[in-house]
There are 2 protein chains.
Amino acid sequence: MKLSQGVEWGLHCTSLLAQAPADRPIRRDVLAGHYGLPDAYLAKHLQALTRAGVLHALPGPRGGYRLARSPERITVLDVVEAIEGSTSAFVCQEIRQRGTGAVSPDQCSNPCAIRSVMDQADAAWRDSLRGVTVADLVDRLPPGVRERNADLLAAAGG
Amino acid sequence: MKLSQGVEWGLHCTSLLAQAPADRPIRRDVLAGHYGLPDAYLAKHLQALTRAGVLHALPGPRGGYRLARSPERITVLDVVEAIEGSTSAFVCQEIRQRGTGAVSPDQCSNPCAIRSVMDQADAAWRDSLRGVTVADLVDRLPPGVRERNADLLAAAGG
DNA sequence: GTACCGGTACTCGGATATAGTATGTCCGAGTATGCGTGG
DNA sequence: CCACGCATACTCGGACATACTATATCCGAGTACCGGTAC
């Protein structure tokens, strides 16, 4: 049930990348150092974000990561699903069709009520995350932080 | 991120208990047999439900499990939280206060935007589950199933 | 002076160990029953 | 005949192995840059 910590890492790194000039890739070790994270492991999650089309990775000198599109068009859900996967948290194993109380398959054309309820809750969760963008996250930063981050990124990229 | 399969087991067993006479405890092996589950492991989850006050366990001969209160007063969320725990799926590790980009603690009196968003989504998920009761689940069973279950439970208890 | 070419240093990407949690199983603690016994 | 006490069988509860996934790390593939060289 617990979400991977990579979700938090991914959201922070994505919103940090949104605070850098769009044409300036940020190296992975800069991102890791900014938040005190192990960059070798951070690589795995950034890689997932890249595969999902949220980030764009640029190899070689002057390489690094940048957002694949504008922060207004990246939702929190995009980041979460890139790292955690888009499959529902609840997986129905159809135990109603097993054991002595097994229900005949032709009575199971509709998904069972339990599955429906869990799927509906899952949809509510995803809808909530879909309603917030990375740009919103940046807007909600305490005053002064955005400017300081821009300076730090510029210094690191120097 | 994936929910334990025990959630499905717990919900099915709880709704099945709601279909039995309230004064008739159902043995664990009957529940396990009804759904084809390993009763030794099912014990663990039923135990969690008992500790959470959803079920009531009765030891000794003629013992078993029964609902601790009427099905109308048991929400799906009660069952889920009993098994999965009531802690939020997202745990904020406050990485914004670590690394070279560390934000000063006095600027962190408010929870960070990321945490707020995740907590809000979690609340939406829980609200959705809180809105459905075990009685609702029983009502949504296919026609005939409820009667058949009652018969099976009566035969097993006999 | 300019264009081409090769070496080099730097970046990310995937394959590889380790730890923590979910899964699965077992035996012991506790209780109502049923029988035997005494009044 | 009735009440009491005890042995018994049956139930759940918590301690003990195992499997899988999340965590953490390393080295190799690929790319842009920079200098040297030929024209």
Side-chain angles (χ1 to χ4, degrees), chain A residues 1-10 13 17 23-33 35-66 68 80 82-85 87 89-91 93 95 156-158, chain B residues 1-10 13 17 23-33 35-66 68 80 82-85 87 89-91 93 95 156-158:
Chain A
M1 174 59 187
K2 188 168 67 72
L3 268 75
S4 160
Q5 63 180 354
V7 170
E8 182 180 8
W9 299 7
C13 288
L17 287 173
D23 56 347
R24 276 270 312 287
I26 307 295
R27 291 197 312 273
R28 190 176 59 206
D29 62 340
V30 173
L31 290 172
Y35 293 116
L37 307 175
D39 74 333
Y41 184 30
L42 178 63
K44 195 155 215 165
H45 298 302
L46 294 183
Q47 180 181 345
L49 287 166
T50 302
R51 264 199 297 259
V54 174
L55 299 186
H56 191 80
L58 213 67
R62 301 284 297 167
Y65 295 92
R66 64 175 178 81
V80 172
I83 294 173
E84 283 291 328
T87 63
F90 178 80
V91 285
Q93 297 183 325
I95 65 173
Chain B
M1 173 59 185
K2 189 168 66 73
L3 269 73
S4 161
Q5 62 180 356
V7 170
E8 183 179 9
W9 298 8
C13 288
L17 287 174
D23 56 347
R24 276 269 313 286
I26 306 296
R27 289 196 315 271
R28 190 176 58 206
D29 62 341
V30 173
L31 290 172
Y35 292 116
L37 306 175
D39 73 334
Y41 185 29
L42 178 62
K44 196 155 214 163
H45 298 303
L46 295 182
Q47 179 182 344
L49 286 166
T50 302
R51 263 198 297 258
V54 173
L55 300 186
H56 191 79
L58 213 66
R62 301 284 298 167
Y65 294 90
R66 62 174 179 82
V80 171
I83 292 173
E84 283 291 327
T87 64
F90 179 81
V91 286
Q93 297 183 326
I95 65 173

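Proteins get letters first, then strands, A, B, ... in listed order; numbering begins at 1 in each. Here the structure is a predicted model, which is why all the values come from computation and not from measurement.
- Judged purely by atom type and a 3.5 angstrom limit, Q93(A) has no side-chain atom pairing as donor or acceptor with the backbone of Q5(B).
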Check: Reading nucleotides 21-36 of chain D from the 5' end, what letters show protein touch, with B for base, S for backbone sugar-phosphate only, - for no heavy atom under 4.0 Å?
Finding: --BBB----BBB----
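- For the pair G53(A) and A68(A), the tightest heavy-atom approach, listed with the atom from each and the gap, is O-CB, 3.3 Å.
- Taking atom CG of residue L49(B) and atom P of nucleotide dG14(D), one finds them 14 Å apart after rounding to whole Å.
- The side chain to side chain contact (heavy atoms under 4.5 Å, CB included) search around P61(A) returns none, not counting sequence neighbours.
- Atom CG of L31(B) is separated from atom C1' of dT11(D) by 13 Å (rounded to the nearest Å).
- Summarising the geometry, the separation between NE2 on H56(B) and C1' on dC12(D) is reported as 12 Å, rounded to the nearest angstrom.
- Atom CD of Q47(A) and atom P of dA15(C) are 9 Å apart (whole Å).
- Listed by chain and residue number, D29(B) satisfy the side-chain hydrogen bond (donor to acceptor under 3.5 Å, both in side chains) test with R27(B) (two or more places apart in sequence, or in another chain).
- Residue R27(A) contributes atom CZ, which lies 16 Å from atom P of dA9(C) at whole-angstrom precision.
- A pairwise comparison of heavy atoms in L46(B) and C13(B) identifies CD2-CB, 4.3 Å as the closest pair.
- In this structure, the helix from dG1(C)-dC39(D) to dG39(C)-dC1(D) shows an angle of 10° between the axis at its start and the axis at its end, each fitted on 5 base pairs and rounded to 10°.
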Item checked: side chain to side chain contact (heavy atoms under 4.5 Å, CB included) between I83(A) and L3(A), intermediate numbers included -> CA-CA 10 Å; I83(A) 294 173; L3(A) 268 75; over 6 Å; no
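- Evaluation of the side chain to side chain donor-acceptor pair (under 3.5 Å) test over residues 46-59 of chain B, restricted to residues two or more places apart or in two chains, returns none.
- Look at CD1 on I83(B): it is 19 Å from P on dT21(C), rounded to the nearest Å.
- For Y35(A), the ring pair (Phe, Tyr, Trp, His ring centres under 6.0 Å) criterion is met by H12(A), not counting sequence neighbours.
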